[in-house]
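Questions regarding the structure given below will be posed in turn.
Just so it is clear: chains get the letters A, B, ... in the order the sequence lines come, proteins before strands, and each one is counted from 1.
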Protein chains: 2
Amino acid sequence: MGISERKEREKQEMKDLIFQAAMDLFIEDGYEKASIRKIADRIEYSPATIYLYFKDKDEIFHAVHEKGFELLFARMETLAVIENPFQRLQKLGEIYLKFAYDHPELYDLMFIMRAPMEALKQENEDWNCGFKAHNGLREIVRACIGQGDMKTMDVDVAALSIWSFAHGLASLAIRNRLKMYPPDQLDTLIPDSIENMLRLFRKE
Amino acid sequence: MGISERKEREKQEMKDLIFQAAMDLFIEDGYEKASIRKIADRIEYSPATIYLYFKDKDEIFHAVHEKGFELLFARMETLAVIENPFQRLQKLGEIYLKFAYDHPELYDLMFIMRAPMEALKQENEDWNCGFKAHNGLREIVRACIGQGDMKTMDVDVAALSIWSFAHGLASLAIRNRLKMYPPDQLDTLIPDSIENMLRLFRKE
DNA sequence: CAAAGTTAATAAACGCTGTTTAGTATACAA
DNA sequence: TTGTATACTAAACAGCGTTTATTAACTTTG
């Protein structure tokens with residue numbers, strides 16, 4: 001009996017359809033504009049139908065947030081070919097901040113907004129994407145210190161510090177808190193700050 | 001004729017009343033719960049009355065955000081008596097992060113939420129609180145470098161880096177992105193990270 | 001003092017939001 | 001063909017920020 005398989009498939013296709021509409025609307029106009037009703041409108045179903053496939057809005061945007069991590073991880077794959085751990089760290093920072101610059105709404109959802117974390121809480125799940133990303137950073141930091149490219153310090157301390165710095169920079173920019181610097185000054189100030197920070201962590 | 005003065009005074013008192021209700025609700029339950037209708041309820045006026053004293057919700061929460069900066073600046077006054085610039089920087093970091101820990105909702109409004117920045121945009125004003133706070137940091141950094149307590153680097157680069165690090169730490173914690181570290185590990189990891197970061201900036 | 005003008009306050013509505021409920025078709029199984 | 005399970009939705013609920021029209025009170029003027 002292939003009927004239940006087809007139904008399963010159709011259910012997944014519908015879920016994908018909803019997700020894709022949510023993703024598109026979100027990327028286009030941000031979280032505020034991506035309402036359940038507009039998602040429903042776009043796929044030409046009623047709002048109530050959405051709730052047959054997703055528990056609530058948080059769950060939809062948790063899915064979008066996961067897709068964001070997929071995009072970030074895809075960009076990170078280029079790291080594997082870099083031999084030198086410190087160069088890998090440098091490139092990781094570049095990728096991370098470029099991602100925030102290219103997809104501010106996605107970055108916002110992944111690292112600033114509350115919605116996707118609320119979805120985790122309800123399902124009693126771990127923040128696996130976040131764990132994986134942070135673990136990537138930690139392993140690079142470990143290699144840097146092990147190789148003697150980075151000053152001797154606790155791996156977790158270094159990883160948390162570097163992430164905090166990068167996230168601070170990205171989130172201050174995204175949430176419009178860098179008004180004290182004119183845009184053209186920021187264009188040099190931000191790369192300079194990153195370079196300077198790497199210099200401080202580097203050994204010698 | 002003292003009538004117009006009295007009216008002026010009453011107008012200000014009403015504005016204060018609304019502001020105080022907004023502040024209390026916000027501190028108690030956060031931004032989501034502090035709706036115009038609940039503010040109106042609390043002071044026993046109709047929601048429409050609020051709009052006679054504030055242009056919109058953003059303007060109310062811009063006022064709350066300014067009050068937050070007042071509280072932060074009050075805490076910063078203890079810095080003046082510290083002679084050594086690097087100790088002043090250390091203390092500033094401590095005050096900044098303690099503030100974020102003590103008043104997460106206020107910190108959120110001041111440095112993460114979009115609402116108060118939207119209010120600025122509409123009035124075409126500058127982010128004076130932010131400018132003032134950042135200038136305080138910059139002057140301390142300038143003194144540190146001038147005195148030879150901090151490694152030689154551009155003042156703006158150092159100030160932006162330190163702020164980004166501190167804000168990154170605070171905002172990751174407030175927006176629940178540090179789940180990869182159990183709370184008791186964070187209790188030591190965060191102070192260690194701050195100490196380590198200061199060590200990296202310190203000369204010698 | 002009464003009439004006119006000004007101001008403060010609000011009830012009700014508008015157009016949104018996320019979510020739930022009850023009911024209707026349709027597709028499948030017996 | 002009949003009965004049941006499934007997919008879907010119209011309508012409603014309860015909330016939101018905000019605006020409009022109206023009332024009530026107070027102040028000024030003739």
Whole-Å distance, Glu118(B) CD to dT18(D) C1', equals 16 Å
Scoring nucleotides 11-17 of chain D by protein non-hydrogen atoms under 4.0 Å (B base, S sugar-phosphate only, - none) yields -B---BB
Rounded to whole Å, the OH-P distance (Tyr45(A) to dT19(C)) equals 21 Å
Contacts of Tyr31(B) meeting ring pair (Phe, Tyr, Trp, His ring centres under 6.0 Å) (sequence neighbours excluded), chain-then-number -> Phe61(B)
Thr78(A) meets the side chain to side chain contact (heavy atoms under 4.5 Å, CB included) criterion, sequence neighbours left out, with Lys91(A), Ile95(A)
Hits for salt bridge (Lys or Arg N to Asp or Glu O under 4.0 Å) against Glu195(B), two or more places apart or cross-chain, chain-then-number order -> none
| query | With respect to the phosphate group of dC8(D), does any side-chain polar atom (N or O) of Ser46(A) fall under 4.0 Å of OP1 or OP2? | reply | no
Inset, instruction - Please work out whether the ring planes of Phe69(A) and Phe73(A) are parallel, tilted or perpendicular, with thresholds of 30° and 60°. - result: tilted
Considering just the side-chain nitrogens and oxygens of Thr49(A), establish if one lies under 4.0 Å of OP1 or OP2 belonging to dC8(D).
no
Please confirm whether Lys15(A) makes a cation-pi placement over Phe54(A), using NZ or CZ under 6.0 Å from the six-membered ring centre and within 45° of the ring normal. yes
Here the distance between atom P of dA7(D) and atom CD1 of Ile43(A), to the nearest Å, is 15 Å
Whether Lys55(B) contacts dT18(D) is assessed here as follows: a side-chain N or O lying under 4.0 Å from the phosphate OP1 or OP2. Is that the case?
no
To the nearest angstrom, the CG-C1' distance between Asp41(B) and dT10(C) comes to 14 Å
note: Tyr53(B), atom OH; dT18(D), atom C1'; distance rounded to Å ~ 17 Å
With sequence neighbours left out, the residues meeting ring pair (Phe, Tyr, Trp, His ring centres under 6.0 Å) with Tyr53(A) are none
Rounded to whole Å, the CZ-P distance (Phe61(A) to dT17(C)) equals 12 Å
>> Students often get this wrong, so: under 4.0 angstrom with heavy atoms, is Phe54(B) touching a base, only sugar-phosphate, or nothing?
In response: nothing
- Message: I want to check something: taking the side chain as every heavy atom from C-beta on, are Phe165(B) and Ile194(B) in contact at a cut-off of under 4.5 Å?
- Response: yes
In whole angstroms, the gap separating C1' of dT17(C) from CG of Asp58(A) amounts to 14 Å
Separation of dA7(D) atom P from Leu17(A) atom CG, nearest Å, is 15 Å
| Going by distance alone, is a donor N or O of one side chain under 3.5 Å from an acceptor N or O of the other, for Asp16(B) and Gln20(B)? | no
In short, the helix from dC1(C)-dG30(D) to dA30(C)-dT1(D) is bent end to end, axes from five pairs each side, to 10°, by 30°
| query | Are any non-hydrogen side-chain atoms of Arg202(B) and Asp149(B) less than 4.5 angstrom apart? | reply | no
